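Quick caveat: nothing in here was measured; it's all calculated off a predicted structure.
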Amino acid sequence: MRSEERAGIISVVMLFLWGTLIAEPFHIFARYIAKAIGYATKGLGDHSILAALITYVVVVAAIVLLQLLSQTKLRNFMPCILSAGCIAMLVIRGIFRSYVDYGEAISLAVPAIAAIIFYLTKFEKGLKWYTDVYTYSLSIALINSLLFVPVAKLNGIVDKILYITNYNDINITAPFAGLAGIPEFVWGLFLTAFAVLPIIYFATSNKRK
């Protein structure tokens with residue numbers, strides 16, 4: 001299966017699963033990235049447009065970087081590296097807060113064990129899929145924050161229908177609400193259009209199987 005087909009399948013599946021606990025390890029992955037950016041931009045304020053733009057650029061850059069790395073020899077190590085990185089973040093946060101979220105710990109242990117098993121058994125096809133799940137789950141997290149969250153705010157009924165918005169850890173569009181008289185969801189559409197262009201480009205230009 002070609003990489004662009006794999007990317008499409010994973011994106012569609014993650015889109016439907018994103019608002020459920022099944023995708024919790026990848027919610028945590030996106031959450032940790034968002035929190036790291038939040039700490040770095042803390043001095044700019046919670047509702048700073050500049051902080052929102054930095055978050056937007058960093059997350060898009062992270063997705064593109066993962067896409068590029070998945071085309072190299074590092075792709076077989078990436079699931080182990082990413083899952084280990086999340087566990088390290090959990091430990092560091094636990095040390096600073098003197099508290100460990102055991103729910104998060106269990107959620108992160110499952111993909112870490114799976115990644116180790118895939119690597120030790122040299123299940124390269126599984127590792128390719130696993131790498132892409134991390135990559136495109138982050139893109140779903142971004143699209144959720146840019147597109148579905150602002151749309152859900154328009155109407156209470158829409159909010160209930162779009163269960164995908166139950167898990168949103170990346171806050172970008174809120175500071176743009178009303179800027180230049182433009183509604184938040186319009187800004188979300190605009191930012192989504194620019195975000196998906198490089199993601200689709202690198203997904204379709206990837207020649208590996």
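Remark: I200 CD1 to L197 CG distance equals 6.5 Å, nearest 0.5 Å. If you take OG1 on T173 and CG on L189, they are separated by 10.5 Å, rounding to the nearest 0.5 Å. S137 OG to D132 CG: the interatomic distance, rounded to the nearest 0.5 Å, is 10.0 Å. Within the model, atoms CZ of F148 and CG of N168 stand 11.5 Å from one another, a figure rounded to the nearest 0.5 Å. In this structure, CG in L82 is found 6.0 Å from CG in L66, a value given to the nearest 0.5 Å. Taking NZ of K35 as the reference point, atom NZ of K42 lies at 11.0 Å (rounded to 0.5 Å).
Q67 and Y136 form a side-chain donor-acceptor contact under 3.5 Å, judged by distance and modelled atom types alone.
Taking 4.5 Å as the limit, every side-chain heavy atom of M78 sits out of range of all side-chain heavy atoms of K128. Looking at V58 and I54, their side chains come closer than 4.5 Å, going by heavy atoms from C-beta outward. Between P111 and Y130 there is a side-chain heavy-atom pair separated by less than 4.5 Å. Under the 4.5 Å side-chain criterion, counting only non-hydrogen atoms from C-beta, V196 is not in contact with Y201. Proximity of P198 to V60: side-chain heavy atoms (C-beta onward) are separated by under 4.5 Å at one or more points.
Side chain of S48 to main chain of A51: a donor-acceptor pair is present (N/O by atom type, distance under 3.5 Å, no hydrogens or angles). With hydrogens and angles ignored, the 3.5 Å screen pairs no side-chain donor or acceptor of E104 with any backbone N or O of L90. For the pair H47 (side chain) and A174 (backbone), a donor-acceptor distance under 3.5 Å is absent. Judged purely by atom type and a 3.5 angstrom limit, S11 has no side-chain atom pairing as donor or acceptor with the backbone of G8. Without hydrogens or angle criteria, Y56 side chain to A195 main chain gives a donor-acceptor distance under 3.5 Å. Judged by distance alone, the side chain of T131 and the main-chain N or O of R75 form a donor-acceptor pair under 3.5 Å.
At a threshold of 4.5 Å between side-chain heavy atoms, the hydrophobic network of Ile, Leu, Val, Met, Phe, Trp and Tyr places L120 and F77 in one connected group. By the rule that hydrophobic residues join a cluster once side-chain heavy atoms approach within less than 4.5 Å of another member, I49 and V186 end up as members of one cluster. Hydrophobic clustering, with ILVMFWY side chains joined whenever heavy atoms are under 4.5 angstrom apart, keeps I92 apart from L108. Cluster annotation: I22 and I106 are assigned to distinct hydrophobic clusters (Ile/Leu/Val/Met/Phe/Trp/Tyr, side-chain heavy-atom contacts under 4.5 Å, transitive). Using a 4.5 Å cut-off between side-chain heavy atoms of Ile, Leu, Val, Met, Phe, Trp and Tyr, with links allowed through other members, F123 and V110 fall into different hydrophobic clusters.
Of the candidates I170, D169, L138, T55, I33 forms a side-chain contact (heavy atoms from CB on, under 4.5 Å) with just one, namely L138. With respect to I172, the side-chain contact (heavy atoms from CB on, under 4.5 Å) criterion is satisfied by exactly one of L53, V149, V59, L142: L142.
Contact record, S83 with C80: OG-O, 3.1 Å, taken as the closest heavy-atom pair. Across every non-hydrogen atom of Y119 and N76, the tightest pair is CD1-O, 3.8 Å. Nearest heavy-atom pair, L127 versus A115, reported as atom, atom and distance to 0.1 Å: CD2-O, 4.2 Å. Taking both residues in full, the closest heavy atoms of V100 and G94 are given as CG2-CA, 4.3 Å, listed atom of the first, atom of the second, then distance. A pairwise comparison of heavy atoms in L68 and T72 identifies O-CG2, 3.5 Å as the closest pair.
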Does H27 form a side chain to side chain contact (heavy atoms under 4.5 Å, CB included) with W18? I'd like the steps, not just the answer. CA-CA 8 Å; H27 297 153; W18 193 250; 3.4 Å; yes

List the steps, then state whether side chain to side chain contact (heavy atoms under 4.5 Å, CB included) holds for S107 with I28. CA-CA 8 Å; S107 295; I28 297 171; 3.8 Å; yes

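Between W187 and F176, the angle of the ring planes lies from 30° to 60°, which puts this pair in the tilted group. Using cut-offs of 30° and 60° on the angle between ring planes, the pair Y134 and F29 is perpendicular.
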